Amino acid sequence: MKELASLARLDGMAQAELCARGEVSADELLDACLARIDALNPLLRAVVTVAREQPRPASPGPFSGVPFLVKDATPWPGLRWSLGSRLFAANIAQQQTPYGRRLEESGLVCVGKSAMSEFGLLGSTETLLEGATHNPWDLASSPTGSSGGSAVAVAAGLVPLAHANDGGGSIRNPASACGLFGFKPSRGRTVPASFASSDFGDMTSDHCISRSVRDSALFLSITEDRSSGTPVGFVREPIARKLRIATWTRTMLDAEPEPPVRRAYDEAVALLTALGHQVEPIVPPPFDGPALSDAFFLVAGAAIAGVVEMMDQTRDVPVQSDELEPFTWALVETFLARGPDALPYSRAVFAQAVHAYHEATRGYDVVLTPTLATEPWRIGHLSPVLGREELLRRTGRAVGYTPIHNIAGCPGMSVPLHFPEKGLPIGIHFAAAPGADALLLGLAYQLEEARPWKDRWSPYSIPALF
């Protein structure tokens with residue numbers, strides 16, 4: 001078990017380097033990873049499908065031999081693709097995506113699928129299909145969501161990095177709650193990771209959750225669409241210039257963060273100032289918070305209504321009430337009740353919010369806020385069986401910073417800068433203009449050097465327990 005823990009402490013690039021030097025084989029990396037999953041996943045419930053028979057020999061590439069997980073939102077040939085829903089509990093993916101092919105070509109070895117909320121709709125990874133995923137920093141707490149399984153698996157040392165995606169904070173929020181680095185690329189930065197398209201899907205970016213900035217930067221260089229705009233390539237170095245950083249703490253619903261979050265934010269401002277950056281508090285954009293929340297969940301409801309319609313047309317029996325969670329049905333019903341103007345209305349609300357955001361941040365390199373307005377919540381706080389209005393209220397209170405960057409197509413990242421003596425990690429959020437992914441990654445390297453986090457392990461992790 002000691003050897004198990006020693007490999008678990010390494011990020012993906014370090015594991016690939018061991019493999020390239022012949023100090024460990026790809027098979028040994030895979031076997032050690034499966035042993036780690038067997039040891040802790042029954043407690044944490046981060047991995048919903050284990051690919052014991054499925055992994056193929058690793059391709060030669062920068063991540064050759066490195067095991068990783070794919071979020072169950074994304075298909076992987078031969079593995080169940082449920083999207084966290086009972087509706088697709090028996091669905092097996094057949095076709096590889098362009099995104100998946102890039103990952104295979106890099107040498108990554110898929111060892112399974114990670115848990116998510118149903119269709120990625122809720123910010124807590126607990127479903128009626130799979131049950132609750134537990135935060136390894138505190139088993140009674142949620143890792144948030146929707147990419148909670150990926151974050152837990154990395155935080156616990158089961159895998160060095162895990163695929164995730166983000167439609168409103170679903171990479172960045174779990175990264176914050178689990179003390180990890182979570183980067184969301186600009187809209188259109190990467191090759192397609194799915195086969196379907198919708199307004200909600202167009203806001204969603206695929207990437208990974210990692211322990212190190214370099215793993216995330218390499219992952220982006222592997223998956224980026226090199227035919228669209230100027231490629232980022234593999235960003236390897238800290239930023240070399242001083243930045244002008246705009247900042248505010250008010251959420252989109254015009255509330256202040258909880259005191260522990262405010263303390264973490266104040267520490268981050270002090271760190272950035274010490275590093276020579278110019279941090280300027282500004283008046284936050286004049287969002288119409290309730291309208292923005294309404295539009296966001298109407299767009300989500302439209303996407304799921306499309307799924308229900310597709311399933312109704314392709315099988316003899318319509319989708320049954322017990323095949324979707326109550327919250328999911330509520331979003332579909334709300335969207336349908338609003339009639340044909342629902343999507344045009346939502347798009348208009350989004351356009352106004354994006355204009356307000358860009359006007360408020362014009363002339364700045366980076367925007368700084370907390371990642372979440374609250375500390376990570378207890379399991380059950382965002383249970384999908386609660387009423388729609390209560391879930392929207394609780395979500396709006398906590399997730400008050402990240403969705404605008406999906407709507408505007410900006411890159412964003414949660415950086416694990418605050419680890420209190422008591423309580424869970426608290427991430428700090430940074431965003432930049434669409435296309436400025438390299439700028440953010442350069443800042444992330446600088447912050448990682450200034451406040452290293454790679455050796456901060458949760459109590460329920462392989463390195464802490466073995």
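The shown structure was predicted, so the numbers you read here are calculated from the model rather than taken from an experiment.
For Asn135 and Ser141, the side-chain atoms include no donor-acceptor pair closer than 3.5 Å. Side-chain atoms of Tyr460 and Asp138 include no donor-acceptor pair closer than 3.5 Å. For Thr369 and Tyr265, the side-chain atoms include no donor-acceptor pair closer than 3.5 Å. Between the side chains of Thr125 and Thr133, no donor N or O sits under 3.5 Å from an acceptor N or O.
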* To do: Would you check, one step at a time, whether the test side chain to side chain contact (heavy atoms under 4.5 Å, CB included) holds for Leu40 with Leu158?
  => CA-CA 8 Å; Leu40 271 188; Leu158 306 186; 3.9 Å; yes
* Go through Arg211 and Trp453 one step at a time and tell me if the side chain to side chain contact (heavy atoms under 4.5 Å, CB included) criterion holds. => CA-CA 8 Å; Arg211 294 201 67 84; Trp453 57 75; 5.5 Å; no
* Given the rule in the side chain to side chain contact (heavy atoms under 4.5 Å, CB included) test, do Leu324 and Glu118 qualify, once you have shown the distances and angles that lead to the verdict? -> CA-CA 8 Å; Leu324 296 178; Glu118 184 170 70; 4.1 Å; yes
* side chain to side chain contact (heavy atoms under 4.5 Å, CB included) assessment of Leu386 paired with Leu382 -> CA-CA 7 Å; Leu386 296 175; Leu382 292 181; over 6 Å; no
* Asked: Are Asp225 and Arg102 close enough, and set up right, to give a salt bridge (charged side-chain N to carboxylate O under 4.0 Å, His left out), and what steps lead you there?
  -> CA-CA 10 Å; Asp225 184 351; Arg102 290 283 188 89; 5.4 Å; no
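Proximity of Val385 to Leu128: side-chain heavy atoms (C-beta onward) are separated by under 4.5 Å at one or more points. Inter-residue side-chain proximity for Leu121 and Ile304 is flagged as met; some heavy-atom pair is nearer than 4.5 Å. Between Phe63 and Phe68 there is no side-chain heavy-atom pair separated by less than 4.5 Å. With a 4.5 Å cut-off on side-chain heavy atoms, Glu359 and Arg362 count as touching. Leu87 is listed as a side-chain neighbour of Val319, based on a closest heavy-atom distance under 4.5 Å. Counting heavy atoms from C-beta outward, Gln320 and Arg86 have side chains that stay 4.5 Å or more apart. Under the 4.5 Å side-chain criterion, counting only non-hydrogen atoms from C-beta, Phe296 is not in contact with Leu392. Contact of the Phe350 side chain with the Leu292 side chain is registered, since non-hydrogen atoms from C-beta on lie closer than 4.5 Å.
Using cut-offs of 30° and 60° for the angle between ring planes, the Phe219 and Tyr99 rings count as tilted.
Ion pairing of Glu375 with Arg262 is absent here, as no side-chain N (NZ or NE/NH1/NH2) approaches a carboxylate O to less than 4.0 Å. Between Arg45 and Glu130 there is no salt bridge, since no side-chain N of the basic residue sits under 4.0 Å from a carboxylate O of the acidic one. Taking a cutoff of 4.0 Å between a charged side-chain nitrogen and a carboxylate oxygen, Asp206 and Lys71 do not qualify as a salt bridge. In this structure, Arg347 pairs ionically with Asp199, as a charged nitrogen and a carboxylate oxygen lie closer than 4.0 Å. Using a 4.0 Å cut-off between charged nitrogen and carboxylate oxygen, Arg172 and Asp166 count as a salt-bridge pair. The pair Glu105-Arg101 fails the salt-bridge criterion, with no side-chain N (NZ, NE, NH1 or NH2) lying under 4.0 Å from an Asp/Glu carboxylate O.
A donor-acceptor pair under 3.5 Å is formed between the side chain of Tyr401 and the backbone N or O of Thr249. In terms of modelled atom types and a separation under 3.5 Å, the side chain of Trp137 and the main chain of Cys178 share a donor-acceptor contact. Formation of a donor-acceptor pair under 3.5 Å by the Ser147 side chain with backbone atoms of Asn165 is found in this model.
In this structure Tyr364 satisfies the ring pair (Phe, Tyr, Trp, His ring centres under 6.0 Å) test with no other residue, sequence neighbours excluded. Listed by chain and number, the residues in a salt bridge (Lys or Arg N to Asp or Glu O under 4.0 Å) with Arg189 are Glu224, Asp437 (sequence neighbours excluded).
Rounded to the nearest 0.5 Å, atoms CG (Leu122) and OG1 (Thr144) are 11.5 Å apart. Atom CG of residue Leu372 and atom OG of residue Ser176 lie 5.0 Å apart, to the nearest 0.5 angstrom. To the nearest 0.5 Å, atom CD of residue Glu448 and atom NZ of residue Lys454 are 9.5 Å apart. Atom CE of residue Met116 and atom CD of residue Glu126 lie 14.0 Å apart, to the nearest 0.5 angstrom. Separation of atoms CG (Leu161) and OG (Ser216) is listed at 8.5 Å; rounding is to 0.5 Å. To the nearest 0.5 angstrom, Phe430 atom CZ is 13.0 Å from Asp365 atom CG.
Geometrically, Arg388 does not engage Phe327 in a cation-pi contact, judged by NZ or CZ lying under 6.0 Å from the ring centre and within 45° of the ring axis.
The only member of Glu323, Met311, Arg80 that meets side-chain contact (heavy atoms from CB on, under 4.5 Å) when paired with Phe88 is Met311. Each of Ser82, Ser114, Ser85 was checked for a side-chain hydrogen bond (donor to acceptor under 3.5 Å, both in side chains) with Asp72, and the lone residue meeting it is Ser82. Exactly one of Asp215, Leu180, Val159 qualifies for a side-chain contact (heavy atoms from CB on, under 4.5 Å) with Ile209. That residue is Leu180.
Remark: aromatic rings of His207 and Phe183 are close, center separation under 6.0 Å.
For NE2 of His358, the number of neighbouring non-hydrogen atoms (other residues, nucleotides, ligands) closer than 6.0 Å is greater than 12.
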